[in-house]
S.K.: 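The following block contains the structure, expressed as structure tokens.
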Amino acid sequence: MIRMSKFYLLVVMIIVLTACEEGKTKINAELETESFIKGKLFIIGGGDRTPELMEKMIVASGMTAMDYIAVLPMSSEEPDSAYFYFNADVKAMSDMKCVYLNFEEKDVINQPKLDSLMNAKLIFITGGDQNRFMSIVKDTPIQDAINRAYEKGALIAGTSAGAAVMSKVMITGDENFSPEYSSTYDKAWKGNGIYAEGLGLIDDVILDQHFVARSRYNRLLSAMCDHIGMAGIGVDEATAILVEGKKVTVVGESQVIVFDAMDTCGVYFNHLNMRGVKMDVLTSGNVFELK
């Protein structure tokens, strides 16, 4: 009996030690995941890039005199102009160098360009058409370079279309139930929105831009109903959110509208049927946490 008791005691000790080691491994893995991403996001809702926004963006990036900004103008129909005006905004307030990186579909494996992108301290994605941008970047070494820069600590910034591409679920602007493009949706309908995959730099959130100026409530609520469990953030013009891990700070002249994620969304003849939707209207200096 004594030998048998010692045997069982040994077995129990082995089980406990194994469980402890597995627990440590799980905790370490979670800590590594949390600390893996060192970068930040600066998401502008379009409109004017005010001196305040530009200053906040550059300061948040932690740039030094040795660093540079990589400008990705592929959303724009006129990439040269998009770069010119952004560079002018930078030069009006700092001596930071801007590098023009206009990738084309035939040019996605340009190693010198990719190296410049990956080593930038701040990457800025201009406005235009988010679909045009992702058609060039998605699942290419360009996207890998953006991710690598973000992991190393770069600030990834974008305005308008450059804001739309930040989330994984990207609102394209097109509609299933309307043949013509509109700056917003006439109705809050389930299944109306057409979506694509963005860069996925921010999780469990759907972003919309020019939000208050173009009254895009119907559009964002429809997107949330189509993607249950995802929160919605609408950023207005001349306004931005600075995302640092789970912490989000509002910057700029106007407002950011935040809708909490919903568990359910009913439908009545395609019209959304929603109850208890929580909405926050936030202004500069307000801080909130991502779930």
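Values in this document were obtained by computation on a predicted structure and should not be read as measured data. Computation of the quantities below employed the complete heavy-atom set of this structure, encompassing side-chain atoms and omitting hydrogens, waters and symmetry-equivalent molecules.
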S.K.: Within the side chain of T50, is there an N or O that forms a donor-acceptor pair under 3.5 Å with the backbone of A238?
M.R.: no
S.K.: Is a side-chain donor or acceptor of D236 paired with a backbone partner of A213 at a separation under 3.5 angstrom?
M.R.: yes
S.K.: With the side chain counted from C-beta on, respond yes when F124 and T159 share a heavy-atom pair under 4.5 Å apart, and no when they do not.
M.R.: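 Side-chain contact under 4.5 Å: yes.
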S.K.: Any side-chain heavy atom of Y68 sitting closer than 4.5 Å to one from N119?
M.R.: yes
S.K.: Under the rule for side-chain contact (heavy atoms from CB on, under 4.5 Å), what residues qualify as partners of V59, not counting sequence neighbours?
M.R.: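 Here the qualifying residues are E55.
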S.K.: Is K113 close enough and on-axis enough to F103, meaning under 6.0 Å and within 45°, for cation-pi?
M.R.: yes
S.K.: Under 3.5 Å, sequence neighbours excluded: what are the donor-acceptor pairs made by side chains of residues 282-291?
M.R.:
from	atom 1	to	atom 2	distance (Å)
N286	OD1	T283	N	2.9

S.K.: Going by heavy atoms in the side chains, are N192 and N270 under 4.5 Å from each other?
M.R.: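 Answer no - side chains too far apart.
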S.K.: Quick one: which residue pairs count as a salt bridge (charged side-chain N to carboxylate O under 4.0 Å, His left out) with a foot in residues 71-88, not counting sequence neighbours?
M.R.: E77-R132
S.K.: Would you say N87's side chain and F84's backbone share a donor-acceptor pair under 3.5 angstrom?
M.R.: no
S.K.: Could you pull out every donor-acceptor pair under 3.5 Å between side chains of residues 218-227 and any protein atom, sequence neighbours left out?
M.R.:
from	atom 1	to	atom 2	distance (Å)
N218	ND2	Y185	O	3.1
N218	ND2	D186	O	3.4
R219	NE	D208	OD2	3.0
R219	NH2	D208	OD1	2.6
S222	OG	W189	N	3.3
S222	OG	W189	O	3.3
S222	OG	N218	O	2.7
D226	OD1	G191	N	2.9
D226	OD2	Y195	OH	2.6
H227	ND1	A223	O	3.0

S.K.: Starting from V267, walk the hydrophobic network (Ile, Leu, Val, Met, Phe, Trp, Tyr; side-chain heavy atoms closer than 4.5 Å) and list everyone else you reach, by chain and number.
M.R.: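 Grouped by the 4.5 Å side-chain rule, V267 forms a cluster of one, so the answer is none.
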S.K.: Cut-off 3.5 Å, no hydrogens considered: what does the side-chain donor-acceptor table look like for residues 162-173, sequence neighbours left out?
M.R.:
from	atom 1	to	atom 2	distance (Å)
S167	OG	V169	O	2.9
K168	NZ	E197	OE2	3.2
T172	OG1	D174	N	3.2
T172	OG1	I194	O	2.7

